[in-house]
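Predicted, not measured: the structure shown is a model, and the values here were computed from it. In this chain, numbering begins with 1 at the start of the sequence shown. When a ligand or atom number is given, it counts from 1 through the structure's own listing order.
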Amino acid sequence: MIELETKGTLTVNEPVISIDNLTVEYVSPRGVIKAVRGVSLKVYRGETLFIVGESGSGKSTLGLAMLNIVPRPGRIAGGSITYHIDGRNVNILDLPLEDQRAFRWKNVAMVFQSALNSLNPVLRIWDQMYDTIESHDKHISREEVYEKVRRLLYLVRLDPDRVLKAYPHQLSGGMRQRVMIALALLLDPKVLILDEPTTALDLLTQKSIMEVLKNIKKELGLTMIFITHDLSLAAELADRVAVMYAGKLVELGDVYDIFYRPRHPYTFALMKTVPKLTSIDEELYPIPGSPPDMANLPPGCKFHPRCPYATRACSDVEPSEEWLTPSHLVACHRHRDLSLRVEAR
Ligand code: ATP
Ligand code: SF4
């Protein structure tokens, strides 16, 4: 069930991150996998941006690249990622290695896909939180840490008295996920990146994490970047949505455009996979075909083998990105002559 809650109401357009022509590759026995292919994207201060797409489209790699932590055998092969923070412009790819860790903690934090297993099993939650703050700020008192930690735990709707003395195994999956979110917020980052924050959870827990995330958005006014294939989460929280296919941005726009007036056949197909609010028995439309082999991409538009609107030109030439309006970008040869409409939900 899905309900579009935000209507792309973002009014600020001061970038906090500018990604320019970013390329990330993995060297594998099957050849070079271009997981991110020349992505340019601005993330605006205070917005909630969703990066969506099928598995393997390069979403997580883009998120990891934003922190310059792409693991081997991956490497950033080109482009820049500039943070505009505190009046400074910092390309994180140019920062000396020893400064990167501090820069990340202070400015940008990430809740990883595997967050549920990333708490230290032998430390109580209080010790993990205290150690995290203390290792970055030697001057902070224990009382100050305690106050801050309690505030954050309330924000993620956990009872500090119960949680702080617990070991991770004594908490449910949903509670551990909330602790991870609170941990990511400990050093007041300006940007929070969340990679599939609800995927490993059951439906009820997903719903409660969604409420927590809405609360954070409302209370902290942070810049948040979600990496997910959960479109119902996007409908509830996104200001803007970036759609990735085969390592490229194929469409970018405010949440209303992307959900109701997509201009790219892939976005259109993706939106048709979302159930309507009004119908329980409604037929869903899986996207035909499978995602491309990233080690052996087809020529032309990478979606052409699955696209019902493909023409000869589509299999020959990869479409370039075009701004339809100052806020809506699409990469499709036929965006002018196709009329794609998703019914209101
Ligand atoms: P998912 O939702 O499944 O995480 P994704 O859209 O986040 O998918 P990525 O995980 O970024 O996509 O992967 C993009 C491409 O890079 C895929 O083809 C994937 O197989 C490849 N890839 C990712 N990590 C590695 C790695 N460590 N070694 C080799 N190839 C990798
Ligand atoms: Fe389909 Fe062609 Fe557009 Fe690609 S460029 S999405 S194949 S119509």
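- Considering only heavy atoms from C-beta on, L155 comes within 4.5 Å of N215 through its side chain.
- The backbone N or O of L203 sits nowhere less than 3.5 Å from a side-chain atom of K207 that would complete a donor-acceptor pair.
- With no hydrogens or angles considered, a side-chain donor-acceptor pair links T61 and Y26 at under 3.5 Å.
- Classified by interplanar angle (parallel below 30°, tilted 30° to 60°, perpendicular above 60°), the ring pair F226/F50 is parallel.
- Side chains of R150 and Y154: a donor-acceptor N/O pair is present below 3.5 angstrom, by distance only.
- Using cut-offs of 30° and 60° on the angle between ring planes, the pair H169 and Y167 is parallel.
- Defined by atom type and a distance below 3.5 Å, a donor-acceptor pair is missing between the side-chain atoms of H84 and E14.
- Legend: protein N/O/S atoms lying under 2.8 Å from atom 1 (Fe) of ligand 2, waters omitted, number 1.
- A donor atom on one side chain and an acceptor atom on the other are not found under 3.5 Å apart for T311 and H333.
- Expressed to the nearest 0.5 Å, how far SG of C332 lies from OH of Y245 amounts to 13.0 Å.
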Is there any protein N/O under 3.5 Å from an N/O of ligand 1, and what does the full list of such pairs look like?
unit_1   : atom_1 : unit_2 : atom_2 : d
ligand 1 : 2 (O)  : K59    : NZ     : 3.1
ligand 1 : 3 (O)  : S55    : OG     : 2.5
ligand 1 : 6 (O)  : G56    : N      : 3.3
ligand 1 : 6 (O)  : S57    : N      : 3.0
ligand 1 : 6 (O)  : S57    : OG     : 3.3
ligand 1 : 6 (O)  : G58    : N      : 3.1
ligand 1 : 6 (O)  : K59    : N      : 3.1
ligand 1 : 6 (O)  : K59    : NZ     : 2.9
ligand 1 : 7 (O)  : S60    : N      : 2.8
ligand 1 : 7 (O)  : S60    : OG     : 2.8
ligand 1 : 8 (O)  : G56    : N      : 2.8
ligand 1 : 11 (O) : T61    : N      : 2.9
ligand 1 : 11 (O) : T61    : OG1    : 2.5
ligand 1 : 12 (O) : G58    : N      : 3.2

